[in-house]
Amino acid sequence: MRSDGQMLRAVLKKLQRSGDLFECRTPVDPRFELGAVLSACQNERPTLFTSVKGHGMPVAGAIYGNRRVFCDLLETTVPERNYKLVSAIANPAKPAVASGPAPVHENVVDRGVDILKMLPVPTSNGLDRAPFLTAGMIVHRDLETGRSHMAVRRFQVNRGGSINVLVSGASPHLRAMLAKCRDLNKEVECAVVLGYDAFLLAASQIGSQKYGLDKYEVDSALRGEPLRLTRCRTNSLLVPAEAEIVLEGVMRPGNAGPEGPFAELMGYYSPEGAAPLMDVKCLTHRNNPVFQHAFPCREEHLAYGLIKEAEILTALSQTVDPVDVNLTLGGGCRLHAVVSIRKRHPGDGKSAILAALGAYKDIKHVVVVDDDVDIFDMRDVEFALASRFQASRDLVRVDGALGSPLEASHAELGVTDKLGFDATKPLGANAGLYVRSNIPGFENGADLSRYDIRAFNGRL
Ligand SMILES: Cc1cc2nc3c(=O)[nH]c(=O)nc-3n(C[C@H](O)[C@H](O)[C@H](O)COP(=O)(O)O)c2cc1C
């Protein structure tokens with residue numbers, strides 16, 4: 001068992017040890033200001049806001065927005081991450097139900113829950129309809145299999161204990177279950193968890209429809225020890241025992257209300273629509289709880305992107321010899337893919353384009369490069385495009401396919417055009433033209449920590 005325990009508290013300790021946790025002591029307003037500070041750091045710098053105006057509870061933000069930090073927290077490295085994720089999906093392990101009292105039940109409020117009074121829920125962007133829980137993870141149970149389900153969703157916080165739950169088209173499983181409950185006039189018990197760790201977040205991003213897995217079991221495989229769960233106080237759902245905060249409640253059949261506008265993945269507002277309502281009956285929390293927040297939405301979608309990258313890599317390996325995939329931050333970790341391959345046959349570059357586009361419909365543009373290009377260094381990717389790609393020969397274009405509804409031009413047209421750029425070198429006689437220069441003895445660059453280099457302060 002890890003000495004730091006599980007969930008957000010353990011993450012904060014680990015980040016503090018690695019020097020990755022920052023503290024903002026200046027009082028910030030949860031309405032706009034807190035999010036503005038996170039955005040100014042690209043939502044990539046894990047920050048603990050210890051003074052939030054109007055609330056005594058600290059807020060942790062941008063905890064999972066940086067790829068290297070996320071991989072550290074998953075106890076893997078960027079190059080190794082796909083293997084760890086795929087192996088956990090293929091070899092799920094059992095979680096454990098904690099026998100003793102659970103930290104998340106140190107405080108139980110089961111009457112008169114008023115979320116906005118109790119929690120420092122931020123409002124992020126100008127036209128957002130209300131404050132939103134943007135990092136909450138909803139847990140419910142499958143009506144037929146009895147399996148636990150959980151996924152991060154956004155929750156619009158209304159008055160008292162009322163919240164809207166946004167269930168997107170990417171979650172057909174939950175949509176179908178809600179429709180069935182409406183037909184059977186059955187309530188859906190649910191819980192919203194705040195204050196989880198990277199293992200649970202990564203596991204939560206697996207599509208239920210695709211794998212039919214219990215994500216708690218994927219989590220346990222990923223963390224290499226059983227996830228410790230506890231039963232909710234007002235229903236029989238299992239939630240992480242060491243989470244910070246849990247909201248327990250029900251969704252009643254057909255009970256929906258207006259949700260949005262809300263600034264979404266690419267920073268565009270999703271319009272008002274109807275979304276299921278959850279009635280929060282009970283709020284439990286640890287002593288001195290930390291509120292978890294994710295500024296919407298780009299960088300915190302890294303978690304979703306990490307799972308998709310592993311899936312795309314698996315799909316690519318059916319046809320080519322792939323090295324790695326980067327769903328880039330600039331493309332919301334969804335719309336732009338850079339793929340590196342070990343090219344073995346003349347058609348590999350184009351086959352990789354087709355495989356990537358086929359593996360994930362949200363990809364709009366894909367660049368395929370050789371394995372001597374660093375796909376996480378956009379300057380290196382641009383180098384490949386600039387010097388290895390010719391549009392008349394290497395461009396693949398598909399008009400009017402399905403894309404992601406979370407970007408404006410798709411919203412306008414209802415479909416998306418796709419482009420694939422084969423920026424790999426040719427094989428054979430012309431390969432010699434593409435030999436890259438190198439500095440002998442410094443192939444991976446000079447280690448600047450070995451040199452005393454400082455701002456010049458001498459006389460000229
Ligand atoms: C920060 C963050 C916010 C998200 N917000 C939503 C959301 O509001 N609604 C939604 O349906 N999915 C949202 N997702 C994506 C789901 O968590 C993801 O599609 C998950 O795989 C769905 O699981 P399911 O197939 O079990 O429903 C979000 C993901 C992240 C990382």
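Ligands are counted one by one from 1 in listed order, and the atoms in each one are counted from 1 as well.
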Distance under 6.0 Å and angle within 45° of ring axis: Arg223 vs Phe199 = no

Minimal non-hydrogen separation, Pro276 against Leu178, with atom names = CG-CD1, 3.8 Å

Applied to residues 47-65, the side-chain hydrogen bond (donor to acceptor under 3.5 Å, both in side chains) test, sequence neighbours excluded, yields Glu23-Thr50

Between Ala294, Ser171, Ala135, flag the one that comes closest to atom 22 (C) of ligand 1 by a heavy atom.
-> Ser171

Residue selection (non-hydrogen contact nearest atom 7 (C) of ligand 1) among His301, Arg153, His173 = Arg153

Contact atoms of ligand 1, heavy-atom distance to [X] under 4.0 Å:
{"X": "Lys215", "answer": "23 (O), 24 (P), 26 (O)"}
{"X": "Ser204", "answer": "20 (C), 21 (O)"}
{"X": "Val167", "answer": "11 (O)"}

Classify the contact between Ile307 and ligand 1 as side chain, backbone, both or neither, using a heavy-atom distance cut-off of under 4.0 Å.
-> neither

Within reach of ligand 1, part of Ser208 (heavy-atom separation under 4.0 Å) | both

Heavy atom of Val152, distance to ligand 1 below 4.0 Å = yes

Should the heavy atoms of other residues, nucleotides or ligands under 6.0 Å from CD of Glu272 be counted, would the total exceed 12?
-> yes

among protein heavy atoms, the one nearest atom 31 (C) of ligand 1 is Glu300 O, 3.5 Å

Residues two or more places apart in sequence or in another chain: which of them pass ring-ring contact (aromatic ring centres under 6.0 Å, His included) with Phe262?
-> Phe132

Please say which of His293, Glu300, Gln292, Arg154 ends up in a side chain to side chain donor-acceptor pair (under 3.5 Å) with Thr134.
-> His293

